[in-house]
A.B. asks: 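Before I ask anything, let me first share the structure, which is written out below as structure tokens.
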Amino acid sequence: MNTKAKNENPVISLDGVSKWYGDFQALKDINLEINLKEKIVICGPSGSGKSTLIRCLNRLEAHQEGKIHVSGVELHETMKDVDIVRRDIGMVFQNFNLFPHLTVLENCMAGPNWVRGIDKKEAEKRAVAMLEQVKIPEQADKYPDQLSGGQQQRVAIARSLCMEPKVMLFDEPTSALDPEMVSEVLDTMVELANSGMTMICVTHEMGFARQVADRIIFMADGEIVEQNTPDEFFNNPKSDRTKTFLDQILI
Amino acid sequence: MNTKAKNENPVISLDGVSKWYGDFQALKDINLEINLKEKIVICGPSGSGKSTLIRCLNRLEAHQEGKIHVSGVELHETMKDVDIVRRDIGMVFQNFNLFPHLTVLENCMAGPNWVRGIDKKEAEKRAVAMLEQVKIPEQADKYPDQLSGGQQQRVAIARSLCMEPKVMLFDEPTSALDPEMVSEVLDTMVELANSGMTMICVTHEMGFARQVADRIIFMADGEIVEQNTPDEFFNNPKSDRTKTFLDQILI
Amino acid sequence: YDYIKSNNELMIATDANWAPYSYINDAGEMEGFDVDVGREIAKRMGVEARFITPSWDIITSGNWNMRWDVSVGSMTPTETRSEVLNFPAVYYYTPAGFAVHTDSPITTLAGLNGKNVCTTAASTWEMYLEGSLDMIDAPAFTYKVTPGTITSLADGHTCLDDTRLGAGVRNDGIIDSIPMIQGAIEDGYPIRFLGDPAFFEPLSVATDKGNDDPELDAEIARIIAAMKKDYTLTMMSMKWFKNADGSSNDYTIAF
Amino acid sequence: MFVDTVIEDKSLHKPAFLLGLSITVLAFFFAFNFTNTIFGEFLSPVIGNPQESGFFGRLVVSFVLSIIFVLNLLLISFARLKIQIFIVWIELFFLFLAFAYSFDLELAYIFIGEPSKIWLMISKGLFTTIYISAVSIAIATAIAIVGAIAKLSNNGFAYAIASFYTSLFRGLPLLLQIYLIYMGLPQLGFMIDAIPSGIAALSLCYGAYMTEIFRAGIQSIPKGQWEASRALGFKFGLILRKIILPQSIPIIVPPTGNQFIAMLKDSSLVSVLGIWELMFMAKKIGSKDFNNLEMLLTAAMIYWALTIILEMIQARIERKYQQKA
Amino acid sequence: MFVDTVIEDKSLHKPAFLLGLSITVLAFFFAFNFTNTIFGEFLSPVIGNPQESGFFGRLVVSFVLSIIFVLNLLLISFARLKIQIFIVWIELFFLFLAFAYSFDLELAYIFIGEPSKIWLMISKGLFTTIYISAVSIAIATAIAIVGAIAKLSNNGFAYAIASFYTSLFRGLPLLLQIYLIYMGLPQLGFMIDAIPSGIAALSLCYGAYMTEIFRAGIQSIPKGQWEASRALGFKFGLILRKIILPQSIPIIVPPTGNQFIAMLKDSSLVSVLGIWELMFMAKKIGSKDFNNLEMLLTAAMIYWALTIILEMIQARIERKYQQKA
Ligand SMILES: Nc1ncnc2c1ncn2[C@@H]1O[C@H](COP(=O)(O)OP(=O)(O)OP(=O)(O)O)[C@@H](O)[C@H]1O
Ligand SMILES: Nc1ncnc2c1ncn2[C@@H]1O[C@H](COP(=O)(O)OP(=O)(O)OP(=O)(O)O)[C@@H](O)[C@H]1O
Ligand SMILES: [Mg+2]
Ligand SMILES: [Mg+2]
């Protein structure tokens, strides 16, 4: 496990970030720095703002106060180059969001070919390589609807990887899956972590967290309540809320 | 556990039933009798015809050869009263199929009120009772989309129960659920079994099978390969295919 | 007018809906009395004639914006029309008459009083039935029929078709231009004329008031007068307006 | 629609039903006297002069007709589905022709003359109709996409202009729009010819209708597709073109087919500007010889043929995109 | 449409953009000479007689106009969304009126007379128009439901008849349909009056269009809804009425709104049968006095008002059913 390295040129940094939905404050003064190759797991009770937080990182949601920097570029309302920032940040959704009218291969080629301007041959080669990495090269010519949930989620991961992102965001990638399929997706993610990818995962799979996380962040009510290494986090939680949460989840 | 009682006026009987999809034979000469209050679990590899079999029982699919009797009524192509037979057979689908434009309560009242001709007051009372039985009376006024998968499946069960069926069919009722929700649905089903309902379940939840089944039917390639009590089935499988299957599923 | 000369082209608007005034012949070209008159006017101006066929509504709205120069389309000059159009010269008159189904018991014009008479909506004939005809330069006439109901249809042909269904079925009689009724009779419609022509309406060349060109108007008036004088117009009328017995009509004078 | 496995029995093959049907049909044919039609003539060997055959003639005619009708149904019901559909279409088509024939039409009329009337219509009118419709359809589609985006945007100007546009151009009669463009624009200093005016009016009007259709189509695509596309760094135009519109095709195509077919026929309104299109030719040629209805029907048959072509294209597109979904 | 969180900056608030915009607008107003319009008269204190003001006058007029235009945009851009939309609508409406005004219309005309022309139109025409449209819409909807079921059934007769029907009645021009029903049915021995003929033709034609819309709507509902309903023992009609149609409303409503609006205006075609509806009154009153355009515009405004009412109803239905989905 890497040691935490604070403040040496982080990929992502949040500085006093707050966000409101109407009158409701979903994020409260979040400060956070994430370094290259770090693996972060975010957990916390439902409604605590986990999804909101990671969706702010590629500006699928807008924050209203504070600053978010990604690779040194600030995310703000009128930025011109949000597309470029987004290309550097892969995102995997809870319910996959594959493009149903494209085959698996086309799903994976779309990004490189359409926005990175890589030619079709090259894009296809890369797509096949990524599908091999997630272990479903044989499904390349099927449509998403013809795959199981676990296969779909692995395609979604491959699709993001084809863009060669610096950071991968996962928002509960296994929670819409049948249990038999959870492990195949988690395996893929572990492999990805071992390959050195910077990852930020919202998940309740505590086994996974123990195995790969450099840091676990516990959120509640829009705040970061506690962050620590997995060992410390599980064995020696500091705040009461963390303890209660852990008690519930590790029954 | 009840003892098996063969041939004493079965609720459902299949006599040499075969079914084709185009050229592909999905069911091959199935013979089966199911008695009142029996609990049957059907398992088998994917594509073995489990869904097809139970969907033939309320004629969501048509069989081409052999005879199916439900409560003594034969199911055939030109029968007049298939609706009446269907009312006696509740069915719970893998992906719930709740009516999204109706509230939970309305979903449950629809059957009794629209087709059984029970007046609204009475239907509502019954619906509330059934929602209590599946332990979600407090969700009555929500729309299905606002519920979790487990809650939706329990509503689906309640909806069927409101029709006071003689037999309940379940087609992999938990396989589209998050694992946290599986147990709440299984609990509901166990309770239902204990209340004496005749049940036919396609499921791979072997714990459930052990706990409630009177008989386990193992299917492969459109045929019934083996049927037995749970004890015998798990501890002393007769055919090789059953053994292979059990080895895979109970790793 | 200079504009016409320099373009060497006179643009003539006429509605190609009315045989034998102006219509599309079997070869798919414009033909008819109005067309001949228009050609002759252009010839006498020493320019080419070109015909275009906008709908009646468009022609009568004025504001032609020089899309065409004159209308030679059998237009009846009325007070209200003269607010947007100039009428430099009347070139012929057309008689309007009543007709009924051949089986109709009605034998005199007075017999149509209080009956249901069909006509084209917003036509001079309709105004006649309503007793509100306001033609300019018109020969004198009297209102001879006061119908009980006026059925006005967008297309005069529909009236003829309705009459064909039988006396009193959809109407008791119709009023239309005599040549038109004549055409229908020749085509085998079971109808007959009723009485003498009801009135003669003068029909004029029109120009755009919004693009006032007195020189053009004067030239047209001069040419039409000359055409009357040397009987060119009469010849044309004789050529186009034939009776069932083969005799011809000279409509350049009202009687 | 998902068809139930319990098919109503072919009631036609039950004697009781057949008898009932026959009697109903007989009553029907008897109530509407067909003695004076071509059938009466046909049966004159049996019933004598149809005009004078009276009650007996009427009975015979209706009896024969109903026998033919029921036998026909029975025979068709044994055929395979595709053949059934084909036969019924053909029969209905001939019924329609018979109906048209009842107008005592001089059908020969459209073929006489050198060149023949129908050739005149096709050579001078059809091309213009197709040309105007095709151009207008293309422009209207472009307008509709822009309009739909504007109506769904959160820019006040765009929304207001787009919604004003759809309201105005759906609200005013098309004929008035044609007048206003043809006569109004010159007042503002744009001289515009008849055909461009016609195309402009048709495009604007149908663009407004299609804006609503495209809006509904775009709205039907779930939010997740937008989010996933954005997360990949796609720009707005790309998302719309490659992700959203292709998915909304099954929802957009059926009502758009309606609009294309309606536009084909509404293109005849531009004839008020003196454009010689199909309907103009039909009306003008027909009115001269009082063979209005013949020519109208001929034009109608041509429109119908074009409609059937559009319908086949629509069906093909729907089939293609349904496979993937 | 799901709107991105990266909003283009209000470019209007950037000086460079503003300057560019002003210059473009200035060039536009200069290119199209507005000196002879009402604006010229308005500025005559500065530029003298507009007709003679020449280049200077043109420059002044276009300068003033572009200042007004840009200031207006700027002011509106600070307002809240709803107010923005409202203001832009009002402004566009007045622009449209100004455009109509450029035809030198005698607007007083429609109000003179006892009873006034507009009252005559409304009292005699509007009711008929609404009555015919409403009845036809109701019948067309009923036909559409039956037609859609038939087109989706696997009964050969039903499919063939329904598809022939949609093809024929979408394929023939509505006007011809009106003629055929009005003149053809009497030949078969049914005497049918003008208004019933008109309603029959409109219902049949729009029923055909709407059949396609309803078919698409019903098809869009997943198979699982049918299966669940059948498993509960619902009969076909009940499933359709209570389960399928309510869910397909969001897909059916926008194109159906189009059809209702189009039908409103197409109802004017029945005036060929001598029915005194809105358009007939407008044309008749107008053409007698050569105030065609005034009356047409008046009719158009009434149609527009009716359209806006329909649009509001549509929006309300859409909102209601979107909340639940
Ligand atoms: N679009 C929205 N509009 C209004 N409120 C929202 C919206 N999205 C989220 N919220 C609210 O913001 C809070 C945080 O939501 P968020 O989805 O980030 O929670 P979460 O931690 O991801 O929860 P879960 O584990 O259920 O996904 C919740 O209270 C939620 O109700
Ligand atoms: N509508 C259909 N058309 C054609 N083939 C079908 C259809 N439905 C099912 N089949 C085929 O019939 C066989 C049995 O299908 P069935 O759904 O009954 O299997 P199952 O045992 O339920 O499998 P699973 O565990 O995957 O649900 C499979 O081979 C399947 O491909
Ligand atoms: Mg979340
Ligand atoms: Mg199955």
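So you know, we letter chains A, B, ... as the sequences are listed, proteins then strands, and number each from 1.
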A.B. asks: Is it true that E:Arg215 and E:Glu212 have a side-chain N and a carboxylate O under 4.0 angstrom from each other?
C.D. replies: yes

A.B. asks: As an exercise: rank E:Ile85, E:Asn258, E:Val253 by heavy-atom pairs under 4.5 Å with chain D and give me the winner.
C.D. replies: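 With the most close heavy-atom pairs to chain D, the winner is E:Asn258.
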
A.B. asks: Using a 4.5 angstrom heavy-atom cutoff, name the option from D:Ile161, D:Leu180, D:Ile308 with the most pairs to chain E.
C.D. replies: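 Between D:Ile161, D:Leu180, D:Ile308, the count favours D:Leu180.
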
A.B. asks: Heavy-atom pairs under 4.5 Å with chain D - which of E:Pro254, E:Pro173, E:Pro255, E:Ala216 has more of them than the others?
C.D. replies: E:Pro173

A.B. asks: So what's closer than 4.5 Å to chain E heavy atoms on D:Ile261: side chain, backbone, both or neither?
C.D. replies: both

A.B. asks: Which bit of D:Leu168 is near chain E, if near means a heavy-atom gap under 4.5 Å: side chain, backbone, both or neither?
C.D. replies: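 For D:Leu168, heavy atoms of backbone and side chain both lie under 4.5 Å from chain E.
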
A.B. asks: Kindly indicate whether the side chain of D:Leu296, heavy atoms from C-beta on, has any atom under 4.5 Å from the side chain of D:Met279.
C.D. replies: yes

A.B. asks: Against chain E, work out which of D:Phe86, D:Tyr159, D:Tyr179 has the most heavy-atom pairs shorter than 4.5 Å and name it.
C.D. replies: D:Tyr159

A.B. asks: So which of D:Leu306, D:Leu172, D:Val88 has the biggest tally of heavy-atom pairs under 4.5 Å with chain E?
C.D. replies: D:Leu172

A.B. asks: Looking only at atom types and distance, does a side-chain atom of E:Ser167 sit under 3.5 Å from a main-chain N or O of E:Ser163, one as donor and one as acceptor?
C.D. replies: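 Absent.
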
A.B. asks: Of all heavy-atom pairs between E:Thr129 and E:Ser267, which one has the smallest distance, and what is that distance?
C.D. replies: CG2-OG, 3.7 Å

A.B. asks: Please round to the nearest 0.5 Å and tell me the distance separating atom CG of D:Leu175 and atom CG of E:Leu269.
C.D. replies: 10.0 Å

A.B. asks: Less than 4.5 Å apart, side chain to side chain, heavy atoms only: is that true for D:Leu245 and D:Ile218?
C.D. replies: yes

A.B. asks: Identify which of D:Tyr303, D:Phe164, D:Tyr165 forms the greatest number of heavy-atom pairs closer than 4.5 Å to chain E.
C.D. replies: D:Phe164

A.B. asks: Any side-chain to backbone donor/acceptor pair from E:Gln259 onto E:Tyr206? Under 3.5 Å, distance only.
C.D. replies: no

A.B. asks: Heavy-atom distances under 4.5 Å only: say whether D:Ile302 touches chain E with side chain, backbone, both or neither.
C.D. replies: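 No part of it gets close to chain E.
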
A.B. asks: At a heavy-atom separation under 4.5 Å, does E:Ala299 approach chain D through its side chain, its backbone, both, or neither?
C.D. replies: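 Contact with chain D involves no heavy atom of E:Ala299 at all.
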
A.B. asks: Of all the heavy-atom pairs spanning E:Ser220 and E:Ile251, show the shortest one and how long it is.
C.D. replies: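 Minimum heavy-atom contact is OG-CD1, 3.3 Å.
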
A.B. asks: Does the ring center of E:Trp89 lie less than 6.0 Å from the ring center of E:Phe96?
C.D. replies: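 Ring centres of E:Phe96 and E:Trp89 not closer than 6.0 Å.
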
A.B. asks: Between E:Gln225 and chain D, which part of the residue has a heavy atom less than 4.5 Å away: side chain, backbone, both or neither?
C.D. replies: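 Contact with chain D is absent: no heavy atom of E:Gln225 under 4.5 Å.
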
A.B. asks: D:Glu91 versus chain E, heavy atoms under 4.5 Å apart: side chain, backbone, both or neither?
C.D. replies: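 No part of D:Glu91 comes within 4.5 Å of chain E.
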
A.B. asks: With chain E, which of D:Leu310, D:Thr307, D:Leu92 has the greatest number of heavy-atom pairs at distances under 4.5 Å?
C.D. replies: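 Max contact count across the listed options: D:Leu92.
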
